[in-house]
Amino acid sequence: MNRPGSFQYSDCGAGRMYGSPRPRKERDADLGFKSLNSLRHSRSRQVEPTRGLGQGPTLDHRHKRFEEACIHPKKIYLLKIQNPIFICCLATYGYGCKRDVASGEPTMRKSLAAAMIAISLCSSAIAAEYPVHGITFIVPFAAGGPTDTVARAIAGSMSKSLNQPIIIENVAGAGGSVGVGRAVHASPDGYTLSVGNWSTHVINGAMYTLRYDLLNDLEPIARLPSAHQLIVARKGVAANTLSELVAWMKGRTTLVGTAGVGSASHIGAVLFQSETGARITPVHYRGTAPAMIDLIGGQIDVMFDQAANSLPQVRDGAIKAYAVTSAARLQTAPDIPTVDEAGLPHFYVEVWHGLWAPKGTPPHVVAKLNAAASEALGDPLVRDRLTVLGLSFPDPADGSPAALGALQKSEIAKWWPIVKSADIKGE
Ligand code: ASP
């Protein structure tokens, strides 16, 4: 018999729902409040005391709610308070399970108070602790290409300031929309982020029927460096200037390598075709890194490729460069003329990059990621590594999540009508 005013662990409703009350001994075993040894020998024999969170329930029991909570106290010790959410939720859950035996009523007010305290403890613990494990950057193009290069440079520095590893996952296909979709549908907890660019986070909305909304399903984190394109060709092309290249392309069907329908390299090629009348046949790859292999090998003729990918090959003499799609020459490649100098005035293509999280990512996580990204953009090692590849860095004044969101919005307003009227979707 329990004394009035004391508490006992109840079945928390689940027991009443699923069957008659069971002996205290059994219930304790289910909740994992017994010693490791007796737990092993209890009827819950299938519980593996060493299993971790997220490895799925192993307790063969009708009371499903208990299965998730059935972590032995030793397990909690082993967690070393690495998972504050779990600790707080378990505390709330346990306290909420108590009932006043005298009245038989659940201690609702106390449970609510406990829940609120636990939640507030949780949020401050999460705010202080994020990130507690590795983060994944989803790069929507092949490894080794321009977006991948930016992502890896930034990730290296961000992982130092966040004190967690950052894994790059290349999820390529459909002009990057497969990878962006993967990130959009990930849990909004700051552990899966989307690295993308002007094409994946602006152009694709006009090219594809996406299963996500580029503005409403993503949380902007930070703007990342930009790159202009180089107009490059395989070594054997018999043209030494941009005008000669245009003439050469008019005389034949030119195979132009792209990073996929709607990618920056594709849009550059299509704009070039409508500007010059050159005939192009796009050959789509999963990024310009694999396309570059074929350009060097002579399987394709021309590419509109970001300097980060093609400049090393131009420097090695493996391919030819005709112009850079910017108003000024690249400091790091001053021999390559601008499009204005090469006879194609104002043919400017600039590919900016960015970092996004799934919609609903908590503001303090967004802020922490933004701070880490800003730090990375100021890191001299990152700056040197990307500047030499022809990338330029955003003004720190444009470093906020809101600035990236505004840029994306204004670029959508500018480019969607152009892309739609050019009718360049889905070859
Ligand atoms: N972003 C692509 C890549 O990383 C290139 C492109 O869009 O042109 O391969």
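Just follow the structure's listing: the first ligand is 1, and inside any ligand the first atom is 1.
- Residue contacts with ligand 1 include Pro146, since one or more of its heavy atoms lies under 4.0 Å from the ligand.
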Determine, step by step, whether Leu230 and Leu311 satisfy the side chain to side chain contact (heavy atoms under 4.5 Å, CB included) criterion, reporting the C-alpha distance in whole Å, the side-chain angles of both residues, the deciding distance to 0.1 Å, and the verdict. CA-CA 8 Å; Leu230 294 183; Leu311 203 48; 3.9 Å; yes

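- Distance alone, capped at 3.5 Å, places no donor-acceptor pair between the Asp294 side chain and the Gln299 backbone.
- In terms of protein heavy atoms, atom 7 (O) of ligand 1 is closest to Ala264 N, 3.1 Å.
- Of all protein heavy atoms, the one lying nearest to atom 8 (O) of ligand 1 is Ser265 OG, 2.7 Å.
- When every heavy atom of Asp340 is checked against every heavy atom of Ser326, the shortest pair comes out as OD2-O, 4.4 Å.
- A donor-acceptor distance shorter than 3.5 angstrom exists from the side chain of Asp301 to the backbone of Leu255, with no hydrogens or angles considered.
- Of the possible polar contacts, one joining the Ser421 side chain to the Pro417 backbone as a donor-acceptor pair under 3.5 Å is found.
- Given atom 1 (N) of ligand 1, the protein heavy atom at minimum distance is Thr147 OG1, 2.8 Å.
- Heavy-atom contacts of Gly287 reach the following atoms of ligand 1: 9 (O) (cutoff under 4.0 Å).
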Is there a salt bridge (charged side-chain N to carboxylate O under 4.0 Å, His left out) between Asp379 and Arg383 once you walk through the steps? CA-CA 6 Å; Asp379 182 338; Arg383 292 186 83 87; over 6 Å; no

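- The single protein non-hydrogen atom nearest to atom 9 (O) of ligand 1 is Thr288 N, 2.8 Å, given as residue, atom name and distance.
- Every atom of ligand 1 with a heavy atom of Ala259 under 4.0 Å away is listed here by number and element: 2 (C), 5 (C), 6 (C), 7 (O), 8 (O), 9 (O).
- With ring centers used as reference points, His133 lies under 6.0 Å from Tyr191.
- Only side-chain heavy atoms of Asn197 come within less than 4.0 Å of ligand 1; its backbone N, CA, C and O stay farther off.
- Heavy atoms of Gln306 found under 4.0 angstrom from ligand 1 belong exclusively to the side chain.
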